[in-house]
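The structure appears right after this line, and notes come after that.
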Amino acid sequence: MVRKIVRYPEPVLRAKCRPVTEITPEIRTLAADMLETMREANGVGLAAPQVAVDLQLAVIDVSHNPDCITFMKKDGEKVNMPKHMPIVLMNPILELGKDKEIGEEGCLSFPRLRADIRRSEAIKVSYMDLDGKMVTVETDGLLARAFQHEIDHLNGILFIDRMNAVAKVGMKRKLARLMEEWEEDD
């Protein structure tokens, strides 16, 4: 089922999400709904707070662009990225690489808003999958950016918080205008 994506400034987007303690049928349904919602919205990731649920659960799928990364390791083994999509992650623990890069990002909770965001080029993330198994993924490129973006959501951090100071000043008017447009969309 496609769920409604909440838009900024909904308070749930600022929530520090609760850990998933048990994989129930409701959690499985939520994950499936989130994947369907993300795909319907043409996104590459979606976090539970974006569908008004304050749980540490997110989904990612970048398989449409197999060249968006240079490597992916799952539990220490090199893997073919498209075969390991989509990813459903719960209770993630993120380790950031030291090298940074600037890349353009958008967010399904901020329609028609894009910004250059500085993030780690490569990451290592450990998370629980839908089988209750702990998985560790190391990667770079768009997949690393998507992990960082979605994990930020689970901690109440939005991509606009990551903008540099000059960009934030310029974005305030644009964001106010967009928020008026979003109200008209509803």
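Atom set for the values below is all heavy atoms of this structure, side chains included, hydrogens, waters and symmetry mates excluded.
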- Message: One thing to verify: whether Asp140 and Lys73 come together as a salt bridge, which I'm taking to mean a side-chain N less than 4.0 angstrom from a carboxylate O.
- Response: no
- Query: Taking side chain as C-beta onward, heavy atoms only, is Thr136 less than 4.5 Å from Lys74?
  - Reply: no
- Note on the structure: Nearest heavy-atom contact between Pro82 and Pro66 is CG-CB, 3.9 Å
- Task: Apply side chain to side chain contact (heavy atoms under 4.5 Å, CB included) to the pair Ile27 and Leu130, showing each step before the final yes or no.
- Result: CA-CA 8 Å; Ile27 292 292; Leu130 273 179; 4.2 Å; yes
- Taking atom types as modelled, is there a side-chain donor on Glu22 or Thr24 under 3.5 Å from an acceptor on the other? no
- Message: Regarding Arg119 and Asp152, does a basic nitrogen lie under 4.0 Å from an acidic carboxylate oxygen?
- Response: yes
- Indicate the atoms forming the closest heavy-atom contact of Pro49 with Cys17, along with that distance. CG-SG, 3.7 Å
- Heavy-atom check, side chain of Arg39 versus side chain of Glu36, under 4.5 Å: no
- Do the side chain of Glu101 and the main chain of Glu121 share a donor and acceptor less than 3.5 angstrom apart? no
- Message: Just so I know, are the side chains of Arg7 and Leu108 near enough to count as touching, which here means a heavy-atom distance under 4.5 Å?
- Response: no
- Note: Leu175 and Leu113 closest approach over all heavy atoms is CD1-CD2, 4.0 Å
- Query: Is there a donor-acceptor contact under 3.5 Å from the side chain of Asp131 to the main chain of Lys133?
  - Reply: no
- Chi angles and distances behind the side chain to side chain contact (heavy atoms under 4.5 Å, CB included) call for Val51, Asp33: CA-CA 9 Å; Val51 293; Asp33 289 354; over 6 Å; no
- Could Glu105 and Arg114 be called an ion pair, given the rule that one side-chain N must be under 4.0 Å from one carboxylate O? no
- Task: Determine the sole option in Arg18, Lys16, Arg14 for which the side-chain hydrogen bond (donor to acceptor under 3.5 Å, both in side chains) test with Asp54 is passed.
- Result: Arg18
- Locate the shortest heavy-atom distance separating Gln56 from Val20; write the atom from each residue and the value. O-CG2, 3.7 Å
- Taking all non-hydrogen atoms of both residues into account, name the closest pair between Thr139 and Phe71 and its distance. OG1-O, 2.8 Å
- Okay, side chain of Ser120, backbone of Leu96: is any donor-acceptor separation there less than 3.5 Å? no
- Message: For a 4.5 angstrom cut-off between non-hydrogen side-chain atoms, does Met85 reach His64?
- Response: no
- Supply the atom-to-atom distance Met81 CE to Asn65 CG, rounded to the nearest 0.5 angstrom. 6.5 Å
- Message: I'd like to know if Arg112 pairs up with Asp185 as an ion pair, taking the criterion as any Lys NZ or Arg NE/NH1/NH2 lying under 4.0 Å from an Asp or Glu carboxylate oxygen.
- Response: yes
- Query: Measuring from Gln148:CD to Arg118:CZ, what's the distance to the nearest 0.5 Å?
  - Reply: 11.0 Å
- For the atom pair CZ (Phe110) and CD (Gln50), what is the distance rounded to the nearest 0.5 Å? 9.0 Å
- Item | Straight-line distance of Ile5 CD1 to Glu10 CD, nearest 0.5 Å | 13.0 Å
- Message: Contact between Met90 and Pro19 at the side-chain level, heavy atoms closer than 4.5 Å - yes or no?
- Response: no
- Message: Could you tell me if the side chain of Asp75 sits less than 4.5 Å from the side chain of Val135, heavy atoms only?
- Response: yes
- Do Ile87 and Leu143 have side chains that get closer than 4.5 Å, going by heavy atoms? yes
- Should Leu89 and Phe147 count as side-chain neighbours, where that means a heavy-atom distance under 4.5 Å? yes
- Item | Spacing of OG belonging to Ser126 relative to CD1 belonging to Ile93, to within rounding of 0.5 Å | 6.0 Å
- same_hphob_cluster(Leu13, Leu55) at 4.5 Å side-chain heavy-atom cutoff: no
- Message: Go through it in stages, so that I can follow the logic: the residues are Met171 and Met163, the test is side chain to side chain contact (heavy atoms under 4.5 Å, CB included), and I'd like the CA-CA distance, side-chain angles, deciding distance and then a yes or no.
- Response: CA-CA 9 Å; Met171 192 61 66; Met163 296 168 64; 3.4 Å; yes
- Taking Asp161 for the side chain and Leu158 for the main chain, is one N or O donor matched with an acceptor at less than 3.5 Å? yes
- Heavy-atom pair of closest approach, residues Cys107 and His149: SG-NE2, 3.7 Å
- Audit row: Thr37, Leu46, side chain to side chain contact (heavy atoms under 4.5 Å, CB included) steps and yes/no: CA-CA 8 Å; Thr37 302; Leu46 187 68; 3.9 Å; yes
- Message: For Val166, is there any backbone N or O sitting under 3.5 Å from a side-chain donor or acceptor partner on Asn164?
- Response: yes
